[in-house]
Student: 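Once you've had a glance at the structure underneath, I'll fire off some questions.
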Amino acid sequence: MSHRPPAPMPDTLSDAFAAAVLLSSTDKPDTLPPGRLSPVSPLPSKHGHGHHHPTPSSSSGSSGSVSRAPLAPASGLASRRSHSGEIPLPSDAPPRGATRPGHRRTGSGPLIFTSGASACSSSATSPLTNALPAGNICPSGRLAKPLPSSCSSATTPPPPPPPRASRHDVLGSGTANYGHGSIVRSRAGAATDDDAVLRRAMSAADSEEVKRAGNDQYRKGCFEEALRLYDRALALCPDNAACRGNRAAALIGLRRLGEAVEECEEALRIDPSYGRAHHRLASLHIRLGHIEDALKHLSFATPQPDLLELHKLQTVEKHLGRCLDARKAGDWKSVLRESDAAIAAGADSSALLLAARAEALLRLNLLDEADIAISSASKLDYTSSCSSDTKFCGFLANAYLFYVHAQVDMALGRFDHAVSSIDKARIIDQGNTEVVTMHNKVKSVARARSLGNELFNSGKFSEACLAYGEGLKQHPVNKVLYCNRAACRFKLEQWEKSIEDCNEALKIHPNYTKALLRRAASYGKMERWAESVKDYEILRKELPGDTEVAEAYFHAQVALKSSRGEEVSNLKFGGEVEAIIGKEQFQMATSLPGVSVIHFMTPSNQQCCKISPFVNTLCTRYPSVNFLKVDVNESPAVARAENVRTIPTFKIYKNGMRVKEMICPSQQLLEYSVRHYGI
């Protein structure tokens, strides 16, 4: 049998895309235009003597940086081998519990259809709610007799199911008699039958039968069960490339992408020409942001490179390149924009892009968002999906992740974690100047903070102030050091300087509660009550259940009213729900400054008895609000004057004006209203 000589790859992703279009219009999927190089390789193509067919090997190359090698597709004959029982490819990234119905890609087998209604129920595309399938109904729990199996994976796959678009296999709804007995089983019966099927499959001695049972579970979106069955099949037949590929698909469904990469690589070790494993690996590497590896495996995918995947790869590469260029220029807004675009384009599981996003958010003083981004990056399985020499922004990949984590931890005051992270980055990438510089900075800031805390606890506030200042020289955007120095200056009765440090901390992190507390207290010491009340109002929204904040807010309000000459003798803080027994007492209570909540009730009413304990809880939780109760049986005149006809009824008065009325409110609505008007 003669062999075609291997064709070199195109030298740009655009050329790769054009080559794929050419392939899709011919009947020669294993041929590419001659004289082209890999889009990520400047090395000359090796047109050696004879026929040289390189064996594709899975590697975890760089993301964003390029180490290059010439590529060649597998031979045309080998590329057309099929594996029995393999799960069709198109995306391998189903939503949680289901794949997208009705979508098919060029050159791939039939998709798996599942329904979003239940994670483990087979789907139908018919909108009819009570439609029944036509044809024979197999008894539940019985499997069709399998064909003789072997460890060879090169058998012909079964024919694809009929298209889902056909409606001839679905009975319409109506009143027709479909026969005697129960055709549709209950959920409990179906679950019992499924368990029986799984138990039989797990105990089977035929690897093909077990694999088919795993495929059934995958189609239903039950990835954990599918994974267990594939493990059982591999225990019976370890060198089954199709089963390895199917196991990778189940791992992708469980979002365990690093393990899925390893499983695909093992499938290729068994069968280097397994095109679907190459396709699956290419899709995984795109999601992980590994441009070079994705392109290499796309070139070996059969029967031809997927046009959609090539386009996705091209888009991710474009935005990733812009992201790296923006970081070099220190343009953090562009880093954020381009990293978001690369993630949206397909690199949705790239820990490195999430870390770049976190670094950009940190430099833009969006600390909470930066913390969320780096936490998401840390949860990804990047250690098993990145090789030790993968480069990103001039860093070894894992070192960059720890480098960014250390910065976020330091900015948020987690100094011990910051030291631990930067130590790990230094061990991984000892020669990187940015890592070395950040290592020295984190260590210095952590020492300054530790020394300042020791001096503050010893009552040496002036010395502590100097220690925190040394730390700020190393890290001038550290909100914690500013706030700690503000505390020292508050103790030294340097109110104005304390406010200045709090202002700096709040510029870095708006609504930083410790800085707001210290600034409000400093305003109080300077008798700037309006500013103090404003800060406490923000704090009451941030910390609605904090009684110390509530009491400080109440006293600041009293001081502000007193400074304006208003009556404050009737104001009180906290206490129990006060009972109102007459119209005169009611009018006096509701005309007081501040917020009053009146509960119209009677002890014999079940709903009133149910909500009264919660009103007592609110009285403790919001001590600056006056809580009153009116028993409509004992004070019918008050109920008539307020036109109360249903109980429980709640009315809220603010500064003598009624602002809210609620009849039989839920606990959530009642507390929301108290918080809204009382804070």
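Along the sequence shown, residues are numbered consecutively beginning with 1. Owing to the predicted nature of the structure, the values given are computational and were not obtained by experimental measurement.
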Student: Are the side chains of L362 and L367 in contact, using a 4.5 Å heavy-atom criterion?
Tutor: yes
Student: Between S376 (side chain) and I372 (backbone), is there a donor-acceptor pair under 3.5 Å?
Tutor: yes
Student: Would you please test M526 and I499 for side chain to side chain contact (heavy atoms under 4.5 Å, CB included) and show each step?
Tutor: CA-CA 10 Å; M526 299 178 69; I499 291 170; 3.6 Å; yes
Student: Check the orientation of Y553 and Y536. Use parallel for under 30°, tilted for 30 to 60°, and perpendicular for over 60°.
Tutor: tilted
Student: Can you tell me how far apart SG (C664) and NZ (K610) are? Round to the nearest 0.5 Å.
Tutor: 11.5 Å
Student: What's the spacing between K651 NZ and R658 CZ if we round to 0.5 Å?
Tutor: 4.5 Å
Student: Distance from D535 atom CG to L517 atom CG, nearest 0.5 Å?
Tutor: 9.0 Å
Student: Quick one, K507 with E504, criterion salt bridge (Lys or Arg N to Asp or Glu O under 4.0 Å). Give me CA distance, side-chain angles, the key distance, then yes/no.
Tutor: CA-CA 5 Å; K507 285 179 185 177; E504 291 298 324; 3.4 Å; yes
Student: Any non-hydrogen side-chain atom of L257 less than 4.5 Å from a side-chain atom of I252?
Tutor: yes
Student: How about D368 and H509: do any of their side-chain heavy atoms sit closer than 4.5 Å?
Tutor: yes
Student: Using only heavy-atom distances, determine whether the side chains of R337 and S334 contain a donor-acceptor pair under 3.5 Å.
Tutor: yes
Student: With no hydrogens and no angle check, is any side-chain donor or acceptor of S421 less than 3.5 Å from a backbone partner on A418?
Tutor: no
Student: Check the pair R414 / D371 against side chain to side chain contact (heavy atoms under 4.5 Å, CB included), numbers first and verdict last.
Tutor: CA-CA 11 Å; R414 301 190 294 250; D371 192 28; 2.8 Å; yes
Student: Do any N or O atoms from the side chain of S635 and from the backbone of V638 form a donor-acceptor pair under 3.5 angstrom?
Tutor: no
Student: Specify the closest pair of heavy atoms between K479 and I508, including all atoms of both residues, with the distance to one decimal.
Tutor: N-CD1, 4.0 Å
Student: From the options W495, F456, F461, select the one residue that forms a ring-ring contact (aromatic ring centres under 6.0 Å, His included) with F490.
Tutor: W495
Student: Does one side chain, of D340 or H319, offer a donor that lies under 3.5 Å from an acceptor on the other?
Tutor: no
Student: Step through the shown structure and confirm whether more than 12 heavy atoms of other residues, nucleotides or ligands are within 6.0 Å of CD1 on I581.
Tutor: no
Student: I'd like to check M662 versus L670 (side-chain heavy atoms, cut-off strictly below 4.5 Å). Are they in contact?
Tutor: yes
Student: Does NE2 belonging to H555 count more than 12 external heavy atoms closer than 6.0 Å?
Tutor: yes
Student: Go through the structure and list residues passing side chain to side chain donor-acceptor pair (under 3.5 Å) with N616, not counting sequence neighbours.
Tutor: none
Student: Does a side-chain heavy-atom distance below 4.5 Å link Q667 with L618?
Tutor: no
Student: Is the shortest side-chain heavy-atom distance between H599 and I611 below 4.5 Å?
Tutor: yes
Student: Dump the intermediate steps for ring-ring contact (aromatic ring centres under 6.0 Å, His included) on F650 and F600, then the final yes or no.
Tutor: CA-CA 6 Å; F650 288 86; F600 292 89; 8.8 Å; no
Student: Salt bridge or not for E500 and R489, using N-O below 4.0 Å?
Tutor: no
Student: Go through the steps for H475 and R449 under the test side chain to side chain contact (heavy atoms under 4.5 Å, CB included), then give the verdict.
Tutor: CA-CA 11 Å; H475 193 221; R449 177 255 189 179; over 6 Å; no
Student: For L336, does its backbone N or O pair with a side-chain atom of S339 as donor and acceptor, under 3.5 Å?
Tutor: yes
Student: So S378 and L401, do their side chains get closer than 4.5 Å, heavy atoms only?
Tutor: no
Student: May I ask you to decide if L669's main-chain N or O and S666's side chain share a donor-acceptor pair within less than 3.5 Å?
Tutor: yes
Student: Could you check whether Y622 and E671, counting side-chain N and O atoms only, form a donor-acceptor pair closer than 3.5 Å?
Tutor: yes
Student: Rounded at 0.5 Å granularity, tell me how far CZ in R518 sits from CG in D501.
Tutor: 10.5 Å
Student: Which pair of heavy atoms, one from V632 and one from A639, lies closest together, and at what distance?
Tutor: CG1-CB, 3.9 Å
Student: Using a strict cut-off of less than 4.0 Å between a Lys/Arg side-chain nitrogen and an Asp/Glu carboxylate oxygen, indicate whether E225 and K220 qualify as a salt bridge.
Tutor: no
Student: Which atoms form the tightest heavy-atom contact between K660 and S673, and what is the distance?
Tutor: CE-OG, 3.9 Å
Student: Please answer whether the main-chain N or O of M410 pairs with a side-chain N or O of N478 as donor and acceptor at a distance below 3.5 Å.
Tutor: yes
Student: Quick one: do L506 and R519 satisfy side chain to side chain contact (heavy atoms under 4.5 Å, CB included)? Show the steps, please.
Tutor: CA-CA 10 Å; L506 290 166; R519 190 173 71 176; 3.6 Å; yes
Student: Which heavy atom of S498 sits nearest a heavy atom of S522, and at what distance?
Tutor: OG-OG, 3.2 Å
Student: Just wondering, more than 12 heavy atoms not from F614 lying within 6.0 Å of its CZ?
Tutor: yes
Student: Distance check, rounded to the nearest 0.5 Å: L380 atom CG versus R255 atom CZ?
Tutor: 7.5 Å
Student: Report yes if some heavy atom in the side chain of H676 is under 4.5 Å from a heavy atom in the side chain of I652; otherwise report no.
Tutor: no
Student: Which heavy atom of G413 sits nearest a heavy atom of V480, and at what distance?
Tutor: CA-CG2, 3.5 Å
Student: Counting N and O atoms only, with roles assigned by atom type, does the side chain of T617 sit under 3.5 Å from a partner on the main chain of P613, one being a donor and the other an acceptor?
Tutor: yes
Student: To the nearest 0.5 Å, what is the distance between OG1 on T590 and CG on N655?
Tutor: 11.5 Å
Student: Please name all residues satisfying side chain to side chain donor-acceptor pair (under 3.5 Å) with Y468, sequence neighbours left out, ordered by chain then number.
Tutor: N453
Student: Specify the closest pair of heavy atoms between L364 and K333, including all atoms of both residues, with the distance to one decimal.
Tutor: CD2-CG, 4.0 Å
Student: Looking at Y677, I'd like to know if the NZ or CZ of K654 sits under 6.0 Å from its six-membered ring centre while staying within 45 degrees of the ring's axis.
Tutor: no
